[in-house]
Amino acid sequence: MKQKQLRWLGMILILAGAVSLGLAACEKKEAEISSDSGHIVLDDYEIQYKGFTVMPDVDGQSALVLTLDFTNNGKEATSYLWAVSEKVFLDGIALDTATVQQGAKTGATVTEAQLTEIMPGKTIEVKSAYHLPDDGKKTLEAEFSQLLGKKKRVLTINLEDVLPQSGSTL
């Protein structure tokens, strides 16, 4: 009887060790930063960071506009807005979204492509706009996650080459 209990205990310890190694591997994977290539892979979707611009929003304030390619690798047609959760942080505080027009005559905003549904295997260019505080900070973190998944990727964005020196205007 004691030998049977020892066998069960051994099996439980082995199983617990395997589970903890698996969890550690998952945690490490979730913490990866994809800033080198700008290529972000989520479970059913891929995002390719193409760059950013700083432009005025509808209120004349500075706005950061990210440009991304969104690829649907899922099984059904979907839009970027329904597939991906996106947040941009400055010193750990999320930036508010901004409204930036594509052109004065159309009234369309740069973010409208986020609503376009695309079939599996297709790619579309999308843009996101965020209010950019004038506090001299130069590094942002954009966090992407699949809405119904657990994967999360972070992209570091350095604004130094685009933003003017403090005291000047955009």
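Numbers for residues simply follow the sequence, beginning at 1.
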With rounding to the nearest 0.5 Å, note down the distance linking [atom1] in [X] to [atom2] in [Y].
X: Glu76; Y: Ile118; atom1: CD; atom2: CD1; value: 13.5 Å
X: Ile157; Y: Leu90; atom1: CD1; atom2: CG; value: 11.0 Å
X: Leu147; Y: Trp82; atom1: CG; atom2: CH2; value: 8.5 Å

*Contact summary for Val110 and Ala129, nearest pair of heavy atoms*: CG2-CB, 4.3 Å

_Taking every non-hydrogen atom, the tightest pair across Ala108 and Glu112_ = CA-OE2, 3.3 Å

_Once you measure the plane-to-plane angle for Phe70 and Tyr80, does it fall in the parallel (<30°), tilted (30-60°) or perpendicular (>60°) bin?_
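Judged by the thresholds at 30° and 60°, the geometry between Phe70 and Tyr80 is perpendicular.
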
*Determine, stepwise, if the pair Leu66 / Lys127 fulfils side chain to side chain contact (heavy atoms under 4.5 Å, CB included).*
CA-CA 5 Å; Leu66 300 179; Lys127 295 185 180 194; over 6 Å; no

*Does a donor on one side chain and an acceptor on the other come within less than 3.5 Å for Gln61 and His131?*
no

*Going by atom types alone, do Glu86 and Ser128 pair a side-chain donor with an acceptor below 3.5 Å?*
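Present: a donor and an acceptor within the cut-off.
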
*Of the options Lys150, Lys152, Lys151, which is the one that meets Asp43 in a salt bridge (Lys or Arg N to Asp or Glu O under 4.0 Å)?*
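When salt bridge (Lys or Arg N to Asp or Glu O under 4.0 Å) is applied between Asp43 and each of Lys150, Lys152, Lys151, only Lys151 qualifies.
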
_Please check: side-chain N/O of Gln146 versus main-chain N/O of Asp44, any donor-acceptor pairing under 3.5 Å?_
yes

*Lys/Arg-Asp/Glu bridge criterion (N-O < 4.0 Å) met for Arg153, Glu143*: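 Between Glu143 and Arg153 there is no salt bridge, as every charged N stays at least 4.0 Å from the carboxylate O atoms.
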
